[in-house]
Student: 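Below you will find the structure I want to go over with you.
So you know, we letter chains A, B, ... as the sequences are listed, proteins then strands, and number each from 1.
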Amino acid sequence: MVTDTKSRRGARKGSTSSSSSSCSSAPADPLSSMMDGTDPLSMFAASAPEPPALSHSASTGDLGRKRKEKEEEAVGEDFEPWSTKRGEILARFTTTEKLSINLCMGSDKGKAPNPGSSAVSEKVRTRLEELDDLEEGSQKELLNLSQQDYANRIEELNQSLKEAWASDQKVKALKIVIQCSKLLSDTSVIQFYPSKFVLITDILDTFGRLVYDRIWSMCSEPRPLPDSFTAEDVNDTAKETCLNWFFKIASIRELLPRLYVEAAILKCNRFLNKSGIPETLPRLTAMIRGIGDPLVAAYTRAYLCRVGMEVAPHLKDSLNRNFFDLLGAFRQISGESVQKQLLQQRVEVPEYLTLYSPAINWILQCIAYRAPEPLLTEMMERCKKLGNNALLLNSVTRAFRPEFVAARATDFIGMIKDCDEAGFPKHLLFGSLGRSLALADPPESERLTILNEAWKVVTKVRSPQDYINCAEIWVEFTCRHFAKREVNTILADIIKHMTPDRAFEDAYPQLQSVIRKILTYFQDFSVLFSMERFLPFLDMFQKDSVRVEVCRSIMEVFIRHQLELTKDPVILNAMLHICKTMHDSVNALTLEDEKRSSALLIIGFIRMVSFGRDFEQQLSFCVEARATFCNLEPVLVQLIHTVNQLAMETNRVMRGSHSRKTAAFVRACAAYSFITIPSLSSIFSRLSLYLQSGQVALANLCLSQADAFLQAAVSILPDVPRSISVEGKLRSSESFLLDFINNFMAALLVVPDHPELGVLYLVRGLLNMVQDYTWEDNSDAKVRVYVSSLPLLAAMSQESYIYTIPKVDSNETLYGGDPKFLSEINKLCETLIAQILDHLKTLGRDETSTRRQSALAFSLFGVLVAHGDLRNNKLSQLAVNLWNLSHKHGGCEARASVRTLEFIKHQAQQPDMSHLADTLQRLALQSRT
Amino acid sequence: MSVTLDIRLKRANKVYHEGEVVSGVVVLQCKESLQHHGISLTMEGTVNLQLSSKSVGVFEAFYNSVKPIQLISSLIEVSKAGKIPGGKTEIPFEFPLSTKSNKVLYETYHGVFVNIQYSLRCDMKRSLLAKDLSRSCEFIVHCQPQKSKVVPTPVNFTITPDTLQNSRESSLPKFLIRGNLDATNCVISRPLTGELTVDNSDVSIKSIELQLVRVETCGCAEGYARDATEIQNIQMAEGDVCHGLPIPIYMVFPRLFTCPTLETTNFKVEFEVNVVVVFHDDHLITENFPLKLCRV
């Protein structure tokens, strides 16, 4: 009986209307009552004994992880997982158009009352329906959603799916999943479709996992199923529940949700029998043929392949079948309904075709994974037969092993040339080919031809954006196999394409990637910078932040790979240019960290510069660098160090005796340092550089320069602030200052007095500054400086000094132990000791500072014992007094005292030191009672 | 004083065949010990017939004749009057599933006008002051597998404008749809399969569906009511499918809502399947195939 009916929609309960629910909840409808969870079967499932909720979730989590590991084993690490594609697709397929979600969770209001419903009165039924509606919101149509809103909504659905599942509303969960998969049949705003697919299949994955884990947990008594379980290990209740799911899904009215949901729980077939998965996969594959829209079908296939790969990666046949079916349905793309749709949505064919790429790529990737060579060859042949369809060829190039593609690169180029464009731009094909060739090498003899052929096409691409996308890929191949000439040509071509209309402004990421690739392969900077087009290429980065970033990346590579010092003018010029760019980007708003890292990079460069014996050149380089990098203090510091080093190097070369010329040169070096140091803002850098430069000057016999440095250091001492910031925290500068002064005094020993400025004028000057400095309240720092200057004075009064600088006459020779000089020193010492004793007295007045008093007294005692002549009775008496003072309040550490005594005992045994024994006798260790 | 009464069958799928023993436990759960006047179990199997509202007026004559048909009814006493202790008490039971007379146990079937249902009911009688407790539980009966071999009798079909019977319009678009069903004598536990190819079609196709229909007949010699209603509608193709590519026909027979084709003196349950092609202009073309379902 064949009947023809026109618009019998009412009679057929609206079942053809696309908005009708696949699983309505009208209580009387037999089908929906099945879905309502009130049918006997689902009641069985519900009444099945549940393990306690807590252990359930814990165990599934644990098991889930284990299973995941297992799966990864099954597929292998070299298989690029879906998760990496996901983000890529979401980022690539976006839209600004408004989207809509149409969900109908509740009942179909339009349905005619069902005859079977007479058991329930009309009134009751309406009430029940209302309840349903309240609960689930029968039909929601959300219009005018932005892409972000859309993603959020889908995520909300994902959440409500999980909630529904957790609260045991399995039917609601299923409804959500069905409604979501139905959204995939909607191809309005087609540009967004791939992203929509990603979002919605996330929900399906969640659902599949939930169902699987639930059935799994039903079998966890008495012990969890082993990973390699078979259907025999599964108990009846679990099987029944599983079967129930499959029956429910089999009755979903619409094709697409039925396919998707069944695919989502494909893995559950394991609970039922061995043959489930191998039988279901081909069936679902065949059923996809029923999807009219080729794009929807392609993505459904991709999902099926994805699930298939996860559940049964060994079942290659259905993967292949999917691909062949896809090829079979290819002609539909040019079909009438697709064209109409494109016209309606105003989408160009090339754009439409690219929408297929993720799906086809994925399918091909699944197929190509560990596939034998002949299969791939067959696939290629099939593609050829289809008239070298560009879209397909593109996917083949992308999905097949790079080695496979590389070995046949010439074939591929031939195919790309031959293929009819069919709206699919060739540069994309070359892009894909380039990507493969970047990973695997084609035969050596073909490389140049390949590059020439590819570039012929690439260079003809009109749109700068398309051009650079493609060119960027091929740069890698070029750098890998060719020398600077070819790379230079390509750079020139890129510049030519990107300069008009400042097209480079929109292509910074790609241009940066070009630089990165070049840097990976060209680490010899003399070669790199001898490419004429390299610096002009850099000039295209006109946005400050990008330019600095590029410079920085070049610098990083330079520092890592330039192992030898260089004076190559090409490198120096280029690097100076790059460093200058980095330096010039520093402004008031630059972060401290950024400044520091820029400075470090520049310093790294400066350290690599060496002109060998040509010291003057080196100095003039430093002069130039100082002018160029004046805003970065660490760089200036480094420059001063470099110049000091230069002076010392000169000294070494001349073996300590300068000629007239070198003497002038080292003075020039000193001058450089002298005028550079004041421009530093950090007072401690200035101090230590003055000291260092002074020492260098002294070593080079530049006495007046050394004097000047040291005087300058002394003169800025009063400017040292009481607190300085160290790593962002304010700290007292006292300890730094003390360190510096001690260091400074050590240097003073060898500095000869200025003939015109009186005896010990630097020491006096320093002590005067120390006296006038506003030390912290309640600090002994000043006195401690006094204590520590005593050893200096003692050392100065020796006949020969403990250290000297070759060829420099220190005070020992200048004065030759002149009694006047010695009495000067003695006077100074007396004054100092008097000051110290005064201070000790002051401290004694206050109960709270006894500890400080003992410490100070003890240190003075130490100095006297070590440097003083204790044969002098007064001094010896003073020492004994100090000892007693320091032990008066028990403020001294017993161990230190004992050790000191032992030291003195030891000293007393030395010849000429017997007088110490007398002193020793007078030093009593305080009884510890 | 709360007490819950429950029946748990041993088989998870609750499917039993004639001659088998339905076994399980009656579960009683109460906080304190409980006095009762006896617990009994009743097994019942009935065929409920109903007339569609549209036929009631016409066939009022035999309206009364469609009273429920009892297939099985038996009662056993689970426990005499007494006390059950507090906590969970499980009382096992066994019930032979067989008819006393030579009645046949039809297979469980949930339909619209015909309903075949089997249930166990547990009753607990209690003192006058407390309410009696009752709990029932449906179980499923599958009839004995058919002895004779099933002949699948596949069928091929072709749908063109010329094969349409009641087409009133002469200006139908041209189309050619070919296909086959692998069997019209179907085994109920296996899916209905086949293939369908759209060879060509001038108008684009919106949907191709497979509609499973039950045909229920109630009545006797004097007159009868025959009603066809949809059980489920499964979409095979959505949108303008690729021409020339065979599309699989695949439908699982839903449990409970289908049973082996049944013919008795008082009622009949038969099944049909419609291949429905909906064109883009909502033109609807239906090809009908009667099915014979059986169980092996």
Student: Taking A/Glu240 first and then B/Arg255, would you say they form a salt bridge - that is, a charged N and a carboxylate O separated by under 4.0 Å?
Tutor: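 Yes, this pair counts.
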
Student: Of the non-hydrogen atoms in B/Phe253 and A/Phe247, which two are nearest, and what is the gap between them?
Tutor: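 Result for this residue pair: O-CE2, 3.6 Å.
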
Student: About how many Å separate CG of A/Asn244 and CG of B/Asn13, when rounded to the nearest 0.5 Å?
Tutor: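 CG of A/Asn244 is found 11.0 Å from CG of B/Asn13.
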
Student: How long is the span from the OG atom in A/Ser337 to the CD1 atom in B/Ile205, to the nearest 0.5 Å?
Tutor: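 Spacing of OG (A/Ser337) from CD1 (B/Ile205) equals 10.5 Å.
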
Student: Checking B/His280 against chain A: side chain, backbone, both or neither under 4.5 Å from a heavy atom?
Tutor: neither

Student: May I ask you to check whether over 12 heavy atoms, not counting those of B/Arg11, lie within 6.0 Å of atom CZ?
Tutor: yes

Student: Please report the interatomic distance CG(A/Leu284) to OH(B/Tyr250), rounded to the nearest 0.5 Å.
Tutor: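 Taking CG in A/Leu284 and OH in B/Tyr250, the distance rounds to 8.5 Å.
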
Student: From A/Ile252 CD1 over to B/Gln235 CD, what is the distance, rounded to the nearest 0.5 angstrom?
Tutor: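 CD of B/Gln235 is found 11.5 Å from CD1 of A/Ile252.
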
Student: So for A/Leu256, is it side chain, backbone, both, or neither that comes closer than 4.5 Å to the heavy atoms of chain B?
Tutor: both

Student: Tell me, out of B/Pro191, B/Ala237, B/Ser204, B/Gly239, who's got the most heavy-atom pairs with chain A below 4.5 Å.
Tutor: B/Ala237

Student: Between chain A and each of B/Val198, B/Val252, B/Leu196, count heavy-atom pairs under 4.5 Å; write down the option with the most.
Tutor: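 That would be B/Val252.
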
Student: Measuring from B/Asp240:CG to A/Lys340:NZ, what's the distance to the nearest 0.5 Å?
Tutor: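 Here the rounded value is 8.5 Å.
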
Student: For A/Ala286 versus B/Pro248, what's the shortest heavy-atom pair and its separation?
Tutor: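 In this case the closest contact between A/Ala286 and B/Pro248 is O-CD, 3.1 Å.
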
Student: Is there a donor-acceptor pair closer than 3.5 Å between any side-chain N or O of A/Arg289 and the backbone N or O of B/Pro246?
Tutor: yes

Student: Which one, B/Ile234, B/Asn115, B/Leu210, leads in non-hydrogen pairs under 4.5 Å with chain A?
Tutor: B/Ile234

Student: Answer yes or no: does atom CZ of A/Arg283 have more than 12 heavy-atom neighbours from other residues, nucleotides or ligands under 6.0 Å?
Tutor: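 Yes, because the 6.0 Å sphere around CZ of A/Arg283 holds more than 12 heavy atoms from other groups.
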
